[in-house]
2 protein chains.
Amino acid sequence: MTRLLIADDHNVFVEGIESLISGSSEIEVVQRCYSASSVIETLKQVAIDVVLLDVSFPLIDDGLGLCEQITRLYPQTKIIALTMHDDASLIKRMVKKGAQGYLLKNTTKMELLQAIRTVAEGKQYFNETITHVLLNDEPRFRKSIAGAGLKPNLTPRESEVLTLMAQGLTTHQMANQLFVSDKAVEFHRSSLLMKFGVHNTALLIKTAMEMQYID
Amino acid sequence: MTRLLIADDHNVFVEGIESLISGSSEIEVVQRCYSASSVIETLKQVAIDVVLLDVSFPLIDDGLGLCEQITRLYPQTKIIALTMHDDASLIKRMVKKGAQGYLLKNTTKMELLQAIRTVAEGKQYFNETITHVLLNDEPRFRKSIAGAGLKPNLTPRESEVLTLMAQGLTTHQMANQLFVSDKAVEFHRSSLLMKFGVHNTALLIKTAMEMQYID
DNA sequence: GAAGAGTCTAGGGTTTCCCCTAATTTTCAC
DNA sequence: GTGAAAATTAGGGGAAACCCTAGACTCTTC
C-alpha cells in the first residue's frame, strides 16, 4: 500500500484527485495539506511514501523550497510535482531539488496512478509532454530525463570516468590517469550524476550497476 | 599475463622468487627494483599489475611510504607486502596504506603464486598466519581480514547504515533516520569501509552489491 | 558559417566524506 | 559478574565530493 500525501491548496483539485484514487487498492490518501508547514508537520508524524506537490504560480518558490526540504529531511519520501505550466526551467529546478516525477494538471487518471506507482518503486516518472519540453532545452538534460527510468546515453569520457569511479579512484587519481585536470573529471562526474538523476556517488554506483554500465 | 615488479633489496631472495615464477605461464617478472625511487620510476614507464613489496625492518617507513605512494599514484597497481615479521600493527598499517596482500618470507611457491593471482583479480590475499595474528589484535579487524575475499559479518547497525547509504542518504540524513548522532553514522561507515577493505563510498557500494549485501 | 555536442579548464564556495584518537554505555556470553 | 563485543558520542583536521557560473576549443552537422 502506497501512502500518499496531497499538498495542494486548490480544494476542488484535491477532491478530484482523491476521488480518482479512492478506487485504487494499492494507493491510500493519508493526508491533504494546504500549506508547506502542515506538510512538514505531517511528515514528522506519519510515514509517507509519495507526496503529490502542487507548484502553482504564486507558490513557486514555496514549492521549490518545500521540495528541497522534504528531500533533505525525508529522503525516502518521493515527490511528484504537479503544475499547470510546462516551463522547462521550473521542471529542471524541481528535479534538481529532488522531485522524482512531474505531471501537468491536465493529466489522466491512468497517468496519475502510473506516476505514483513508478516513483513509489524508486524510479523517475516524466510523461511525454514533459520530456518534450526538456528535449528542447538544455542539452545535458536530454539523454537523462528523456530516458528517465531508461538507460542514459553516456559520452566516451563519461563512461571512462564511471568505470574508474567504480574502481574506487578519487577525482585526482582519475585526472592523472586520463591526463586531464581535476576540474574536467569533476565535470564528467557531475554530468553522470545528472544523467542518472542522483545526487551522490553511492547512488550513482548502485544505479549504474543495476543498469549494467558497470561489471 | 600478470605483469609483476619485485621491490626488494635482498638479491638472493629476489632471485629465488624469480626462479619460482619463471615456470609460470601466467605471471611475468617485468622488473626488479632495489630502491623506492626506482620502483616509482619503473611504474612511470611500464604498466605493472602487481608489486611484490619488501617491508624489511630498516626500511619499514620506506615500505609504508612507498606503498602509500604507489596506491596514490597508480591505484590500479596491486601490492603484496612481503616481510619476515608478523607484527600485527605493521600488517594493519600496510593494509591501510593500500596493500591488497601480505606474505611472510617463509611462504611457499604455491602460496606466492596464489597470492599474486588473487590480488591480480582485484581481491585481497592474507594467509592463515597473518589472519591469526590479526585475530588476536583489534576486534574491528577480525571479521574483515579474517574473511578477506569472503563476506564480512556486519553488525545490525552496520547493515542499516549500508542499506541507507545505498539509498543515497547522506551521513546527516542517516543520523536523523536512525536517531543517532552524525558521528555514530560516520563510525559505522568507516567500519564498513574497513570490513570490506575499501577506501571510499564508490567501491564500498560496488563491493557490497557484488557480495549481495544490497539489492 | 552557425549551431550543437563533447570536451576541457577555471574560480570559488559549501558540504560530505574519511581518518585519528579516545572515552562511555549497553549487551551478551562464559 | 567479568570480560568481550557492539554501539554510541566527541573533537579536530584534511581531503574529496558537490554545486554554480562561465569561457574556450574541437568536430560534426545542417
Side-chain angles (χ1 to χ4, degrees), chain A residues 68 71-72 75 89 92-93 95-98 135-144 146 152-161 164-165 168-176 178-196 198-205, chain B residues 68 71-72 75 89 92-93 95-98 135-144 146 152-161 164-165 168-176 178-196 198-205:
Chain A
E68 189 173 15
T71 308
R72 199 174 59 242
S89 102
K92 285 196 297 180
R93 278 184 293 160
V95 174
K96 286 190 181 175
K97 295 298 185 190
L135 268 166
N136 295 316
D137 203 67
E138 190 181 345
R140 280 173 74 193
F141 252 92
R142 289 193 189 184
K143 309 280 174 53
S144 77
N153 295 317
L154 304 186
T155 68
R157 260 316 196 225
E158 286 164 356
S159 296
E160 288 181 293
V161 169
L164 294 177
M165 283 182 76
L169 304 215
T170 64
T171 300
H172 191 62
Q173 289 173 334
M174 291 188 269
N176 287 337
L178 299 174
F179 301 107
V180 298
S181 74
D182 290 17
K183 284 295 187 178
V185 174
E186 283 182 25
F187 174 82
H188 294 302
R189 183 188 37 238
S190 83
S191 294
L192 286 166
L193 292 177
M194 181 162 13
K195 286 191 176 180
F196 281 93
V198 298
H199 298 286
N200 61 37
T201 299
L203 246 191
L204 172 62
I205 296 294
Chain B
E68 190 173 13
T71 308
R72 199 175 60 242
S89 104
K92 283 195 299 181
R93 278 185 293 160
V95 174
K96 286 189 182 176
K97 295 298 185 189
L135 268 168
N136 295 316
D137 202 67
E138 190 181 345
R140 280 173 73 194
F141 252 92
R142 289 191 188 182
K143 308 279 175 53
S144 79
N153 295 316
L154 304 186
T155 66
R157 262 313 199 222
E158 285 164 357
S159 296
E160 288 181 295
V161 169
L164 294 178
M165 282 183 76
L169 305 215
T170 65
T171 300
H172 191 62
Q173 289 173 335
M174 291 187 270
N176 287 338
L178 299 174
F179 301 107
V180 297
S181 73
D182 289 16
K183 285 295 185 180
V185 174
E186 283 183 23
F187 176 83
H188 294 304
R189 182 185 41 235
S190 82
S191 294
L192 287 166
L193 292 177
M194 182 161 18
K195 285 191 176 180
F196 280 93
V198 297
H199 298 286
N200 61 38
T201 299
L203 248 190
L204 173 62
I205 295 295

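The chains referred to below are lettered A, B, ... by the order of the sequence lines, with proteins before strands, and numbering in each begins at 1.
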Tell me the closest heavy-atom pair linking [X] and [Y], and the distance in Å.
X	Y	result
A175(B)	D182(B)	CB-OD1, 3.2 Å
E186(A)	T171(A)	CG-CG2, 3.8 Å
L154(B)	S159(B)	CB-OG, 3.6 Å
G98(A)	H199(A)	CA-NE2, 4.4 Å
T201(B)	A202(A)	CG2-CB, 3.5 Å

Checklist line | Degree of bending in the helix from dG1(C)-dC30(D) to dC30(C)-dG1(D) once both end axes are built from five pairs, to 10° | finding: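 Inter-axis angle at the termini of the helix from dG1(C)-dC30(D) to dC30(C)-dG1(D): 50°.
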Checklist line | 4.5 Å side-chain heavy-atom contact, N176(A) and H172(A) | finding: yes
Note to self: Would you say that R157(B) contacts L178(B) through its side chain, given a criterion of any heavy-atom pair below 4.5 Å between the two side chains?
What the structure shows: yes
Whole angstrom value for the distance that separates [atom2] of [N] from [atom1] of [X]:
X	N	atom1	atom2	result
M194(B)	dC18(C)	CE	C1'	12 Å
L203(B)	dC17(C)	CG	C1'	15 Å
L192(B)	dA6(D)	CG	C1'	13 Å
I205(B)	dC17(C)	CD1	P	11 Å
E68(B)	dG14(D)	CD	P	15 Å
R189(A)	dC17(C)	CZ	P	13 Å
L169(B)	dA17(D)	CG	P	19 Å
F187(B)	dA7(D)	CZ	C1'	8 Å

Name the closest nucleotide to the [X] side chain, picking from [options].
X	options	result
S181(B)	dC18(D), dT9(D), dT8(D)	dT9(D)
L193(B)	dT7(C), dC18(C), dA7(D)	dC18(C)
T171(A)	dT8(D), dT7(C), dA17(D)	dA17(D)
T170(B)	dC19(C), dC17(C), dC19(D)	dC17(C)
T155(B)	dA17(D), dC19(C), dA6(D)	dA6(D)

Margin query: Any side-chain to backbone donor/acceptor pair from Q173(B) onto T71(A)? Under 3.5 Å, distance only.
Written below: yes
Notebook entry, point to check: Pick the nucleotide of DNA chain C nearest each of R72(A) and F179(A); which residue has the one closer to the 5' end?
Noted result: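 Result: F179(A).
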Check: Taking for each residue the nucleotide of DNA chain C with the nearest heavy atom, is it A184(A) or E186(B) whose nucleotide lies nearer the 5' end?
Finding: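 Its nearest nucleotide being more 5', the pick is A184(A).
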Checklist line | No-H, no-angle donor-acceptor pair, K183(A) side chain to dG23(D) base, under 3.5 Å | finding: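 No such pair is found, so the answer is no.
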Note to self: Looking at H188(A), I'd like to know whether one of its side-chain N or O atoms comes within less than 4.0 Å of OP1 or OP2 on dC8(C).
What the structure shows: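 Answer is yes, contact under 4.0 Å.
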Checklist line | Closest-nucleotide ordering on DNA chain D, the 5'-leading residue of N200(B) and R157(B) | finding: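 By nearest-heavy-atom nucleotide position, the 5'-most residue is R157(B).
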Assign [X] to base, sugar-phosphate, or nothing according to its heavy-atom contacts below 4.0 angstrom with the strands shown.
X	answer
H172(B)	nothing
E158(A)	nothing
D182(A)	nothing

